[in-house]
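Just below is one structure, and these are the notes that go with it.
These numbers come from the heavy atoms of this one structure, side chains and all, not from hydrogens, waters or symmetry mates. Residues take their numbers from the sequence shown, with the count starting at 1.
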Amino acid sequence: MPGPRRLQFYQADVFTDQPFGGNPVAVFPDADGLTDVELQQIAREMNLSETVFVFPPTDKAAVVKMRIFTPTQEIPFAGHPVIGTFFVLATLDRLALREPVTRVLQECNLGLFPVDIHTCNGVIERVVMAQPSPQFLDVIDEPEALFAIARALGITKAVISETRFPVQVVSTGLPVIIVPVRTLTAVRQIIPDVAAIADLSQQYGANGIMVFSTMTVEQSSSVHTRMFAPLIGIVEDPATGSASGALGAYLVQHGVVDIRPSTEITAEQGYEIDRPSRILIQVDSDDDVIQGVTVGGQAMMVVEGTLTF
């Protein structure tokens, strides 16, 4: 009878330069041979918002193929798992790095996307990922629908409508409901109704709700955000790369921030759950048309271990 299997894994905190901040992700760099059932079982065992499994690429242009699982399901694309995985692979010397920037292609279930690894004197300073072109989907403006969203967040409809910006479903890979809120206090006082948010997410074909305010805790931040995605098993996410890309596109599309050919936005997230995060978003636009969205940040290795099963 064969003995137990052992798999090395690593856990990184992403979008932070401090251990125990940001958003943790578990990375299994040698996942070849695992079945779909085993991948889901392992992700449930890790019990993080996402766990990444690294496989040899099926497209020779890519350096790796990634599959990303929440505790309940596989998802086609995500932000902090990509940042964390390439930080881990670079830290383990699995990638040939060239200073100051190494560009590689990652393969995921949505296709091939570039990732830039910024290094200085052998230190990985940040990892930046390109995201799919933004899609601006449903604008949610019916009074009853806005009341339902406000109720699900435990806030008044007025603190949403008084921003004069729309509630809209936007996607840069994964659709998310973007909800503007007038004050930082209102954002911080949100008490999510998990069932209601899951129902609304399903109704609008989104993964969850991202709330933002242009009032921030840190002076250097552009927006303060919170992300609720109970539909995919995440009640509140400390730092959400995919939704932050969608948010960056929304902020530029609706003129919420000062727009330049390359608009740089810093989002702060995770403060309410004691995992402060800083997410760097860049939106390139020309003639009022968004040409590209990137999301990046720092990461810290915090766990190395062996899974035995």
Practice item. Evaluate the criterion side chain to side chain contact (heavy atoms under 4.5 Å, CB included) for residue pair F86 and L95; output intermediate values, then yes/no. Key: CA-CA 9 Å; F86 279 89; L95 304 171; 3.8 Å; yes

Exercise for review: Please report the C-alpha distance between Q11 and L48 in whole Å, then the side-chain angles of each, then the deciding distance to 0.1 Å, and finally whether the side chain to side chain contact (heavy atoms under 4.5 Å, CB included) criterion is met.
Suggested key: CA-CA 10 Å; Q11 187 171 310; L48 298 173; 3.6 Å; yes

Exercise for review: Applying salt bridge (Lys or Arg N to Asp or Glu O under 4.0 Å), run through R278 and D17 and close with a yes or a no.
Suggested key: CA-CA 9 Å; R278 294 182 64 76; D17 61 357; over 6 Å; no

Exercise for review: Would you please test L251 and F212 for side chain to side chain contact (heavy atoms under 4.5 Å, CB included) and show each step?
Suggested key: CA-CA 10 Å; L251 296 173; F212 80 90; 3.8 Å; yes

Review point. Salt bridge (Lys or Arg N to Asp or Glu O under 4.0 Å) between D116 and R126: does it pass, once the steps are laid out?
Key: CA-CA 8 Å; D116 290 338; R126 67 187 182 280; over 6 Å; no

Check your understanding: Could you walk me through whether D288 and Q253 pass the side-chain hydrogen bond (donor to acceptor under 3.5 Å, both in side chains) check?
Key -> CA-CA 8 Å; D288 295 328; Q253 181 79 1; over 6 Å; no

Exercise for review: I would like to know whether E162 and K157 meet salt bridge (Lys or Arg N to Asp or Glu O under 4.0 Å); could you show each step before the answer?
Suggested key: CA-CA 8 Å; E162 286 171 1; K157 175 177 170 288; over 6 Å; no

**Study point:** Evaluation steps, salt bridge (Lys or Arg N to Asp or Glu O under 4.0 Å), between E38 and R5
**Key:** CA-CA 12 Å; E38 288 169 336; R5 297 168 68 183; 2.8 Å; yes

Practice item. Dump the intermediate steps for side chain to side chain contact (heavy atoms under 4.5 Å, CB included) on E268 and V223, then the final yes or no. Key: CA-CA 6 Å; E268 58 181 38; V223 287; over 6 Å; no

Point to revise | T306 and Q8: CA distance, side-chain angles, deciding distance, side-chain hydrogen bond (donor to acceptor under 3.5 Å, both in side chains) verdict | key: CA-CA 5 Å; T306 305; Q8 285 294 116; 2.5 Å; yes

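Taking every heavy atom of both residues into account, V52 and P81 meet most closely at CG2-CB, 3.4 Å. Closest heavy-atom contact between L231 and S201: CD2-CB, 3.9 Å. Heavy-atom minimum distance, S277 versus N23: OG-N, 4.3 Å. Shown here for V211 and L153, the closest heavy-atom pair between the two residues is CG2-CD1, 3.8 Å. Taking each heavy atom of P238 and G22 in turn, the nearest pair found is CB-O, 3.4 Å. Between P24 and S49, the shortest heavy-atom distance links the atoms O-OG, 4.2 Å.
When hydrophobic clusters are built by joining Ile, Leu, Val, Met, Phe, Trp and Tyr residues whose side-chain heavy atoms come closer than 4.5 Å, directly or via intermediates, F69 is grouped together with V303. Hydrophobic clustering, with ILVMFWY side chains joined whenever heavy atoms are under 4.5 angstrom apart, keeps L137 apart from V170. At a threshold of 4.5 Å between side-chain heavy atoms, the hydrophobic network of Ile, Leu, Val, Met, Phe, Trp and Tyr places I259 and F136 in one connected group. No continuous path of ILVMFWY side-chain contacts below 4.5 Å connects F28 to V63, so the two sit in separate hydrophobic clusters. Hydrophobic clustering keeps F228 apart from V176 (ILVMFWY residues linked when any side-chain heavy atoms are closer than 4.5 Å, directly or through intermediates).
Of the possible donor and acceptor atoms, none in the side chain of E264 sits under 3.5 Å from a partner among the backbone N and O of L280. Put simply, the side chain of Q131 gets close to the backbone of G241: a donor and an acceptor are under 3.5 Å apart. A donor-acceptor distance shorter than 3.5 angstrom exists from the side chain of Q269 to the backbone of D237, with no hydrogens or angles considered. R226 contributes a side-chain N or O that, together with a main-chain N or O of V187, makes up a donor-acceptor pair within less than 3.5 Å. Proximity of a side-chain donor or acceptor of E125 to a complementary backbone N or O of C120 within less than 3.5 Å is not detected. In this structure, S222 contributes its side chain and T266 its backbone to a donor-acceptor pair below 3.5 Å. Checking side-chain atoms of Q106 against main-chain N and O of V64 turns up no donor-acceptor pair under 3.5 Å. Using modelled atom types, one side-chain atom of T172 and one backbone atom of S242 make a donor-acceptor pair closer than 3.5 Å. At least one donor-acceptor pair under 3.5 Å links the side chain of T163 to the backbone N or O of I160. At distances below 3.5 Å, not a single donor-acceptor pair connects side-chain atoms of D284 with backbone N or O atoms of G292.
Other residues, nucleotides and ligands contribute over 12 non-hydrogen atoms within 6.0 Å of the CG atom of D59. Few gaps surround CD on Q291; more than 12 heavy atoms of other groups in view lie less than 6.0 Å from it. Under a cut-off of 6.0 angstrom, the local environment of CD in E45 is sparse, with at most 12 non-hydrogen atoms contributed by other residues, nucleotides or ligands.
Proximity of N109 to K65: side-chain heavy atoms (C-beta onward) are separated by under 4.5 Å at one or more points. Proximity of V101 to I117: side-chain heavy atoms (C-beta onward) are nowhere separated by under 4.5 Å. By the 4.5 Å heavy-atom criterion applied to side chains, T119 and P100 are not counted as neighbours. Looking only at side-chain heavy atoms (C-beta outward), P19 and M301 stay at 4.5 Å or farther from each other.
There is no side-chain donor-acceptor pair under 3.5 Å between Q298 and T16. Side-chain atoms of T70 and T72 form a donor-acceptor pair, as typed in the model, at a separation below 3.5 Å.
None of V257, L247, V256 except one satisfies the side-chain contact (heavy atoms from CB on, under 4.5 Å) rule with I265; the exception is V257. Between V167 and the options D138, L146, I209, a side-chain contact (heavy atoms from CB on, under 4.5 Å) holds for only L146.
In this structure, CG in L184 is found 9.5 Å from CD in Q189, a value given to the nearest 0.5 Å. Here T85 contributes atom OG1 and E50 contributes atom CD; the two are 10.0 Å apart, rounded to the nearest 0.5 Å. In this structure, CG on L174 lies 5.0 Å from CG on N207, to the nearest 0.5 angstrom. To the nearest 0.5 Å, atoms CD1 (I273) and CD (E236) are separated by 4.5 Å. Distance check: R164 CZ to R182 CZ gives 11.0 Å after rounding to the nearest 0.5 Å. Once rounded to the nearest 0.5 Å, the distance linking CD of Q203 with CD1 of I149 reads 8.5 Å.
Checked against salt bridge (Lys or Arg N to Asp or Glu O under 4.0 Å), D30 has the following partners two or more places apart in sequence or in another chain: R94. In this structure, R44 has no salt bridge (Lys or Arg N to Asp or Glu O under 4.0 Å) partners at least two apart in sequence or on a different chain.
Ring-centre distance between F77 and F113: below the 6.0 Å cut-off.
Counting only residues at least two apart or on different chains, the ring pair (Phe, Tyr, Trp, His ring centres under 6.0 Å) pairs with a member in residues 252-289 are H224-Y271, Y250-H254.
K60 and E107 are not joined by a salt bridge, as no carboxylate oxygen comes within less than 4.0 angstrom of a charged side-chain nitrogen.
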